[in-house]
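Read through the structure below, which is laid out as structure tokens, and then see the notes.
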Number of protein chains: 2
Amino acid sequence: MDAKAAPKVRATLEDVAQEAQVSLATADRAVNKRPGVRAATVAKVNEAVRRLGYRPDPSAAKLARARLRRVAFLLPAGANRFVGLLSEQIQANAEWMHDQRIHADVLAVNVFNPVELAKALLAQVGQRDAVVVMALDHPVVRSAIDQLTQAGTVVITLVSDVPSSTRQHYVGINNTAAGRTAATLIGRFVGRHPAKVAIILGSLSLRDHAERYFGFNQVMAQEHPHLTVLPPLEGQDDAARNEALTTQLFALHPDLAAIYSVGAGNGGISTALCSLGRAQDTVFVGHELTPAARADLLNGTMDAVINQDAGHEIRSALRLALAQWSQEPVIADQERIRIDIYLKDNLP
Amino acid sequence: MDAKAAPKVRATLEDVAQEAQVSLATADRAVNKRPGVRAATVAKVNEAVRRLGYRPDPSAAKLARARLRRVAFLLPAGANRFVGLLSEQIQANAEWMHDQRIHADVLAVNVFNPVELAKALLAQVGQRDAVVVMALDHPVVRSAIDQLTQAGTVVITLVSDVPSSTRQHYVGINNTAAGRTAATLIGRFVGRHPAKVAIILGSLSLRDHAERYFGFNQVMAQEHPHLTVLPPLEGQDDAARNEALTTQLFALHPDLAAIYSVGAGNGGISTALCSLGRAQDTVFVGHELTPAARADLLNGTMDAVINQDAGHEIRSALRLALAQWSQEPVIADQERIRIDIYLKDNLP
DNA sequence: CTGTTAGCGCATTCAT
DNA sequence: ATGAATGCGCTAACAG
């Protein structure tokens, strides 16, 4: 037998160091982009990494790491139920985070005020290894995000994106596609006769709402021309306002056949539908599977709920951050946030 | 910087050993249920674990483990496309598995023959730390599963369950609920006029098919009494047979409004629908988002696809095995396999 | 049955 | 700018 060809399963940093003729510590510095290494040395190490196909062992890295990585979740204050689900999921993953050497804080911010949001973001500079933020797309916010990434913090947008910023990832659904999905559901549920469809949203200045509205109209216009989409109503994601809007809606259009609720505050719409005795015969499609939405699905008030899985989003954001920090492998397929459709029959 | 007060993070096995007045090795033996420890000692250690709230560190455990855990996936030979997706996903997770100290083999078995399946299962005794199997529910198979678990192998059923066996977990959807979902989709897509609905399945002796059929009928009978469900047709999951069945179906029932395909071989149904010129006006709902199904959704031949995420199932099975071996934490929420509904608009 | 000991692969001092 | 040495928490081989 030859002493040489030990079928080494996987190269270690030690191997890389040897191959590059440097010490373990230097190899580590180079691989993890730590300061204090000559460019020439870094190149040598990278070459060795390439030759040996080195990939760090996540278990070993976590075991050796002293410091926890600090991440901040910036979520809307004054919370609707979906945001509540997100916080719950952060809690639910606490043990796992600990195993991954992650420490997370949840900060409540008035995300509707760009200046405040930007201030909150900037306050994280130098304090966090990653910031996960449900952001408003606004120049001030974008600039704050850019400063954060510049400072070396990984920034991940959640649920609503800020595409022109330098955030490393967006974790959430394709909202245009979600709007299209809602349109197809309503179109097919209403049937082929002419009818009116109403649309209630939080605000057209929210990127996710605007995109859903856009997608919805696309499909309605192209595929269900017999349906008339009424002008959008803005309820600020507020249940009381939505209830009033819904009541007015039926006063003006007694023959209304369907409602698409783009944002939060669906409870108000349900309440109005019930008081008017129109809960069963109005097609009602909304977003986010909150406990109330689940109940409305079961009692027939809602006909379908389009959901994005809060737990999945939290874990995905964190896994992407880990990958960014330590070049852990990303399973692309796993990080795609699906547009879930729930009927009363396939509730989880 | 808040570099203050690093609190005592977490109890280690070392702490447990000290608390229980035993050595590290003994504590390890007790915690990992290895043989050769007096019951009294085990009790002492467990008590210490409880008092300190000890939980093993997965990273440290993986780093120290020399041997890879061996798992076998037993999948149907002569593969339909969905099974192909499962194998692909096993490949796609290879790096991750390696990081988790898992080695997996895929074995193709004739799962439709209980005796052969049982033999394949028994061949794994003593060879595997876990076996993940897409099984037929049959007494011989059940017995083989029981012998495997008796021998200390973790057994996980995939896609189709064997509930009366001692398998540790079932990873897959609730098939009754899936059938109900299909019924609601068809019921609402067809509309309120009387019509005929056909159902094509692989075989009623397959547990998952039978359960879907059951759920479908439940909802049809209770909620869509104006729809007539024709007797089920068995096509053995074979495209050619399904094509023939579909053609016959329309010969007998020219007014057929919808088809629910419970199993595989949807390509045959599509082909028949197209040749007959009935692709657009027949509501067609089936299972599993294969490339062909995706295409049929986009061209309007299929109206909805009910899916279970193959990648999610593979990862879930593996995570559950890890949890079983090393008491890693399970995020229950994450392991629930969802009944995905895909329309042309929310395709991933 | 129980204890002692030597790593696993990497992050992190502390030297040089 | 680089290297040597230490130890994270656990598994496993070896002693008693």
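Naming convention: chains lettered A, B, ... in sequence-line order (proteins, then strands); numbering from 1 in each chain. Just so it is clear, the model here is predicted, and its values are computed rather than measured. Computed over heavy atoms, backbone and side chain alike; hydrogens, waters and symmetry mates excluded.
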Below 3.5 Å between N/O atoms, which protein atoms pair up with nucleotides 5-9 of chain D? Just atom names and distances, please.
| residue | atom | partner | partner atom | Å |
| --- | --- | --- | --- | --- |
| dC8(D) | O2 | L63(A) | O | 3.3 |
| dC8(D) | O2 | A64(A) | N | 3.4 |

*To the nearest Å, give me how far apart CD (Q21(A)) and P (dT2(D)) are.*
13 Å
*Atom CG of L68(B) and atom P of dC8(C): how far apart are they, to the nearest Å?*
15 Å
*Just how far, in rounded Å, is C1' of dG9(C) from NE2 of H98(B)?*
12 Å
*With a 4.0 Å heavy-atom cut-off, tell me which residues in residues 37-51 of chain B come close to DNA chain C, sorted by residue number.*
V37(B), R38(B), T41(B)
*5'-most contact on DNA chain C: V22(B) or D28(A), nearest heavy atom basis?*
V22(B)
*asked:* Once salt bridge (charged side-chain N to carboxylate O under 4.0 Å, His left out) is applied, what residue pairs with a partner in residues 118-128 of chain B remain, sequence neighbours excluded?
replied: D105(B)-R128(B)
*Whole-Å distance between dG9(C) C1' and L52(A) CG?*
15 Å
*Taking only N and O in the side chain of S23(B), is any of them less than 4.0 Å away from OP1 or OP2 of dG3(C)?*
yes
_My understanding is that only residues two or more places apart in sequence, or in another chain, count here; which of them pass salt bridge (charged side-chain N to carboxylate O under 4.0 Å, His left out) with D161(B)?_
R167(B)
*With R51(A), which residues qualify under side chain to side chain donor-acceptor pair (under 3.5 Å), at least two apart?*
E19(A), E47(A)
*Does R34(B) have any side chain to side chain donor-acceptor pair (under 3.5 Å) partners at least two apart in sequence or in another chain, and if so, which?*
D28(B)
*Quick one: is R29(A) getting a side-chain N or O under 4.0 Å of the dT12(C) phosphate, OP1 or OP2?*
no
*Before accepting this row, confirm whether a basic side-chain N of the pair R338(A)/D309(A) lies closer than 4.0 Å to the acidic partner's carboxylate O.*
no
N/O donor to acceptor pairs below 3.5 angstrom from side-chain atoms of residues 53-63 of chain A, sequence neighbours left out:
| residue | atom | partner | partner atom | Å |
| --- | --- | --- | --- | --- |
| R55(A) | NE | E95(B) | OE2 | 3.4 |
| R55(A) | NH1 | D99(B) | OD2 | 3.1 |
| R55(A) | NH2 | D99(B) | OD1 | 3.1 |
| D57(A) | OD1 | S59(A) | N | 2.8 |
| D57(A) | OD1 | A60(A) | N | 3.4 |
| D57(A) | OD2 | R101(B) | NH1 | 3.4 |
| D57(A) | OD2 | R101(B) | NH2 | 2.7 |
| K62(A) | NZ | Q100(A) | OE1 | 3.0 |
| K62(A) | NZ | E328(A) | OE2 | 2.8 |

*For R34(B) and dA12(D), what is the distance between atoms CZ and C1' respectively, to the nearest whole Å?*
8 Å
*Among all residues two or more places apart in sequence or in another chain, which pass the side chain to side chain donor-acceptor pair (under 3.5 Å) test with Q308(A)?*
E288(A)
_Atom pair distance, as rounded to whole Å: CH2 in W325(A) and C1' in dA11(C)_ = 16 Å
*Would you please name every residue forming a side chain to side chain donor-acceptor pair (under 3.5 Å) with T153(A), sequence neighbours left out?*
none
*Kindly calculate the angle separating the two end axes of the helix from dC1(C)-dG16(D) to dT16(C)-dA1(D), each obtained from five base pairs, and round it to 10 degrees.*
40°
*Go through the structure and list residues passing side-chain contact (heavy atoms from CB on, under 4.5 Å) with N46(A), not counting sequence neighbours.*
V42(A)
*asked:* Can you list everything that forms a salt bridge (charged side-chain N to carboxylate O under 4.0 Å, His left out) with R319(A)? Sequence neighbours excluded, please.
replied: E335(A)
*Can you tell me if Q147(B) and S143(B) form a side-chain donor-acceptor pair at under 3.5 Å?*
yes
